[in-house]
Protein chains: 2
Amino acid sequence: MRTPSHPATDSIQLAGIFHALSDPARLSIVTGLSEVDEQCCSDLDVPLSKSTLSHHLKVLREAGVTTTRVEGTRRLMSLRRDDLDLRFPGLLDAVLDAATREPVGAH
Amino acid sequence: MRTPSHPATDSIQLAGIFHALSDPARLSIVTGLSEVDEQCCSDLDVPLSKSTLSHHLKVLREAGVTTTRVEGTRRLMSLRRDDLDLRFPGLLDAVLDAATREPVGAH
DNA sequence: TGGATAGTACGCCAAAGTTCGAACAATCCA
DNA sequence: TGGATTGTTCGAACTTTGGCGTACTATCCA
């Protein structure tokens, strides 16, 4: 299976990033990714069906927040730290810092 | 007319902030507010009907991003800088900095 | 008092988003 | 080869959002 497509760094939209982060499940996925560097879909600790999960991962990928690397039958997700820092310096760090200040599961 | 209600600083949700910022019109309003401190609804440079505008301002207010002060028949909007800095230090600055790096009108 | 001004609230509609199960595809390994 | 594993895609049901016009409220001021 081919590597899924990702937006070029230059075409990452700020509103798109915020949209991607506006869903609690996706925000939680991003927070989790910040702690492990690389993680496969089935290791995510989110109580959703795999099709829903796949959808959320697609949203994150298409917004330019994450990148997906194919390894065997698995897809390894990671944050696009360098690209995001290049395009919007300091934003990702501020987001991750903010996320750690908010109690987990505070809906 | 009474001052509209605003969420307490403690109950501002991160996902709610991102949702509020995920719409280009609202992001543009926030960017504009960062330059003028206080602005009334009709001075906003957004090509939308006043009912739609009112809706967006409500979303921003309820997310805890802005505060509204009533003065006569006007409502003066401003960013909740202090509250946001208290709850999520550095986040607002990073957002505003990122917004200035993105060309205006880049949809 | 009564018009002008500023904004909100409501109802409506179309578009977009969330969620799921079922079916499918790709890869590994015994 | 063929089963197990991992994830995508599709269609359906449902919710949310964004946009508008209209009607309403509140305030100012002549």
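Note on naming: letters A, B, ... go to the chains in the order of the sequence lines (proteins, then strands), and numbering restarts at 1 for each one.
- To the nearest 0.5 Å, atoms CZ (B:Phe88) and OG1 (B:Thr9) are separated by 10.5 Å.
- Taking a cutoff of 4.0 Å between a charged side-chain nitrogen and a carboxylate oxygen, A:Arg101 and A:Asp97 qualify as a salt bridge.
- Of the residues near DNA chain D, B:His19 and A:Thr68, the one whose nearest nucleotide (by heavy atom distance) lies more toward the 5' end is A:Thr68.
- For the pair B:His55 NE2 and C:dA15 P, the computed distance is 17 Å after rounding to whole Å.
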Show me the side-chain donor-acceptor pairs of residues 47-54 of chain B shorter than 3.5 Å, one per line, residues at least two apart or across chains.
residue: B:Ser49; atom: OG; partner: B:Ser51; partner atom: OG; Å: 3.3
residue: B:Ser49; atom: OG; partner: B:Thr52; partner atom: N; Å: 3.3
residue: B:Ser49; atom: OG; partner: B:Thr52; partner atom: OG1; Å: 3.0

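- Atom CG of A:Leu44 is separated from atom C1' of D:dG7 by 12 Å (rounded to the nearest Å).
- In this structure, B:Ile29 places its CD1 atom 11 Å from P of D:dG18, rounding to the nearest Å.
- Among the nucleotides D:dT9, D:dA23, D:dT6, the one closest to the side chain of A:Arg74 is D:dT6.
- A:Thr52 comes within 4.0 angstrom of a base, heavy atoms only.
- The backbone N or O of A:Leu27 lies less than 3.5 Å from a partner atom in the side chain of A:Thr31, making a donor-acceptor pair.
- If you take CG on B:Leu60 and CG on B:Leu21, they are separated by 7.0 Å, rounding to the nearest 0.5 Å.
- Across the protein-nucleic acid pair, A:Leu76 atom CG and C:dT27 atom P stand 14 Å apart, rounded to whole Å.
- Partner of B:Thr67 under the side chain to side chain contact (heavy atoms under 4.5 Å, CB included) criterion, out of B:Arg61, B:His6, B:Arg81: B:His6 alone.
- Mapped onto DNA chain C by nearest heavy atom, A:Arg26 and A:Glu71 fall at different nucleotides, with A:Arg26 at the one closer to the 5' end.
- Listed nucleotides: D:dT6, C:dG7, D:dC20. Nearest to the side chain of B:Ser51: D:dC20.
- Distance B:Leu57 CG to D:dT17 P: 16 Å, rounded to the nearest Å.
- Rounded to an integer number of Å, the gap from CG of A:Asp23 to C1' of D:dT15 is 13 Å.
- Closest contact between the side chain of B:Lys58 and the listed nucleotides C:dA6, D:dG7, C:dA9 involves C:dA9.
- Listed nucleotides C:dA9, C:dG7, C:dC20 differ in distance to B:Cys41; the shortest reach to its side chain belongs to C:dG7.
- Residue contacts shown for B:His56 are limited to sugar-phosphate atoms, with no base heavy atom under 4.0 Å away.
- OP1 or OP2 of C:dC20 has at least one side-chain nitrogen or oxygen of A:Ser49 nearer than 4.0 Å.
- For A:Lys50 and D:dT8, the NZ to P distance is 10 Å, given to the nearest whole Å.
- B:Ser42 has a side-chain polar atom (N or O) that falls below the 4.0 Å cut-off from OP1 or OP2 of C:dG7.
- For A:Thr73, whose side chain is taken as the heavy atoms from C-beta onward, the closest listed nucleotide among C:dT8, C:dC28, C:dT5 is C:dC28.
- Direction of the helix axis in the helix from C:dT1-D:dA30 to C:dA30-D:dT1 shifts by 20° between the two five-pair termini, rounded to 10°.
- Side-chain proximity of B:Arg61 to C:dT8, D:dG19, D:dA26: nearest is C:dT8.
- Heavy atoms of B:Leu48 sit under 4.0 angstrom from primed sugar atoms or phosphate atoms, though from no base atom.
- Atoms OG and CD1, from B:Ser22 and A:Ile17 in turn, are 12.0 Å apart once rounded to the nearest 0.5 Å.
- As rounded to whole Å, 9 Å separates atom C1' of D:dT27 from atom CZ of B:Arg75.
- A:Leu14 contributes atom CG, which lies 13.5 Å from atom NE2 of A:His19 (distance to the nearest 0.5 angstrom).
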